[in-house]
There are 2 protein chains.
Amino acid sequence: MNLLLNEIKQKLLEKGLKVTPQRLAILQALMTHKNHPTAEMIIEYIRYNHPNIATGTVYKILEVLVEKELIRKVQTEKDIMRYDAIMDKHHHLYCSESERIEDYVDSELDELLEAYFIKKGIPDFKIEDIRLHLNGKFLNLE
Amino acid sequence: MNLLLNEIKQKLLEKGLKVTPQRLAILQALMTHKNHPTAEMIIEYIRYNHPNIATGTVYKILEVLVEKELIRKVQTEKDIMRYDAIMDKHHHLYCSESERIEDYVDSELDELLEAYFIKKGIPDFKIEDIRLHLNGKFLNLE
DNA sequence: TTATTAAAAGAGAATGATTCTCCAACAAGT
DNA sequence: ACTTGTTGGAGAATCATTCTCTTTTAATAA
Ligand SMILES: [Mn+2]
Ligand SMILES: [Mn+2]
Ligand SMILES: [Zn+2]
Ligand SMILES: [Zn+2]
């Protein structure tokens, strides 16, 4: 049986969530499409194999998955939320002339920043997580 | 006459925008309240001295001011936009247990990051701007 | 396997921040 | 003061998201 699906089932069970076809489909969609899709994009993709899924259900599931830390919300300046199934520490490249958002993984940078803030703390603030928003232009097509 | 208001008038004129009481009020509100307010918060504040301003007008003005780069949008995970009149380079401290967002200015860090990315570029991406989202807890009241 | 039941999904209405439309008011230059 | 393109006001419309209520179902026990 599908290896990814088994991995996803495991994750749901670990978080005490029931395994349902809808949840599997959404998590699978998010793990397959690493382009930080919107709820609408996820719905469109899922409906191909799962024509009956309700819009509200998708939003509810996304909300639960964020709460349980199986996915993350990705912030934008638009009134549309985007989602990310990659939970390993990473930053984002934001295109300044399109909606494209790509992952940026750089553990050397993470270490540099961690060292910097350990030395030079922020008064009255305890850092839990540092995320960079790198705005700019992609030089390749997509 | 009010010094801040004159400064604001100047900024509007430089951008080719007509100077109106509504625009002055909104920019003044944003420059006075550095807490990254929502449109609703701005409206509430402005209505005290300016009871007739229309909700849609505030949204339209905020949009124009963002376009003309007199203010910025501040991204959050909520379906409510927040605004910032401080255009000098700075990062944001996000409280993980409330909606509080504070500025973080650190030119030493900016230089460090600039040097880092000049040395180690990102393939196929031209960086225009780097913003850190520092998530954590504030240790003081507010 | 079947029965039980709390959790989850479906359908569609409701919400609420934001946008739009259309007309009246007005800022800025003549 | 006059003219004109720009801007503001009022309220409807939009639309992503949330809510409510009912039906279905996954997981557990008998
Ligand atoms: Mn919304
Ligand atoms: Mn919206
Ligand atoms: Zn990502
Ligand atoms: Zn700020």
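This is a predicted model, so every value here is computed, not measured. Chain naming here is simple, since letters A, B, ... match the order of the sequence lines and numbering starts at 1 in each.
The side chain of A/Asp79 lies closest to C/dT18 when the candidates are C/dG10, C/dA8, C/dT18. You'll find that the side chain of B/Gln22 is closest to D/dG9, out of D/dT17, C/dG10, D/dG9. Proximity note for B/Ala39 (side chain, C-beta onward) versus C/dG10, C/dT18, D/dT17: the nearest is C/dT18.
Relative to the ring axis of B/Tyr83, B/Arg72 does not place its NZ or CZ within 45° and under 6.0 Å from the centre.
As a whole-Å value, the separation of A/Ile80 CD1 from D/dC15 C1' is 9 Å. D/dA16 atom P lies 12 Å from atom OH of A/Tyr83, rounded to whole Å. Spacing between atom OH of A/Tyr59 and atom P of D/dC19 amounts to 14 Å, rounded to whole angstrom units. For the pair A/Glu44 CD and D/dA16 C1', the computed distance is 16 Å after rounding to whole Å. Between the CE atom of B/Met81 and the P atom of D/dT17 there is a distance of 12 Å, given to the nearest Å. Summarising the geometry, the separation between NZ on A/Lys78 and C1' on D/dT17 is reported as 18 Å, rounded to the nearest angstrom. Look at CD1 on B/Ile61: it is 16 Å from C1' on C/dC20, rounded to the nearest Å. For B/Glu63 and D/dG8, the CD to P distance is 12 Å, given to the nearest whole Å.
Comparing A/Thr55 and A/Lys60 along DNA chain D, the residue whose closest nucleotide (by nearest heavy atom) sits nearer the 5' end is A/Thr55. In terms of position along DNA chain C, the nucleotide closest to A/Val58 lies nearer the 5' end than the nucleotide closest to the other residue of the pair A/Val58 and B/Arg82. Each of A/Leu17 and B/Leu17 was matched to the nucleotide of DNA chain C holding its nearest heavy atom; the match closer to the 5' end belongs to A/Leu17. Between B/Thr57 and B/Lys18, it is B/Lys18 whose nearest contact on DNA chain D lies nearer the 5' terminus.
Side-chain polar atoms of B/Asp103 and B/His92 form a donor-acceptor pair below 3.5 angstrom. Side chains of A/Asp106 and B/Tyr116: a donor-acceptor N/O pair is present below 3.5 angstrom, by distance only. Checked by atom type, the side-chain pair A/Gln22/A/Thr57 shows no donor-acceptor distance below 3.5 Å.
Contacts of B/Val19 with the nucleic acid, taken as non-hydrogen atoms under 4.0 Å apart, involve only primed sugar atoms and P, OP1 or OP2.
Applying the 6.0 Å contact sphere to NZ of A/Lys120 captures more than 12 heavy atoms from other residues, nucleotides or ligands.
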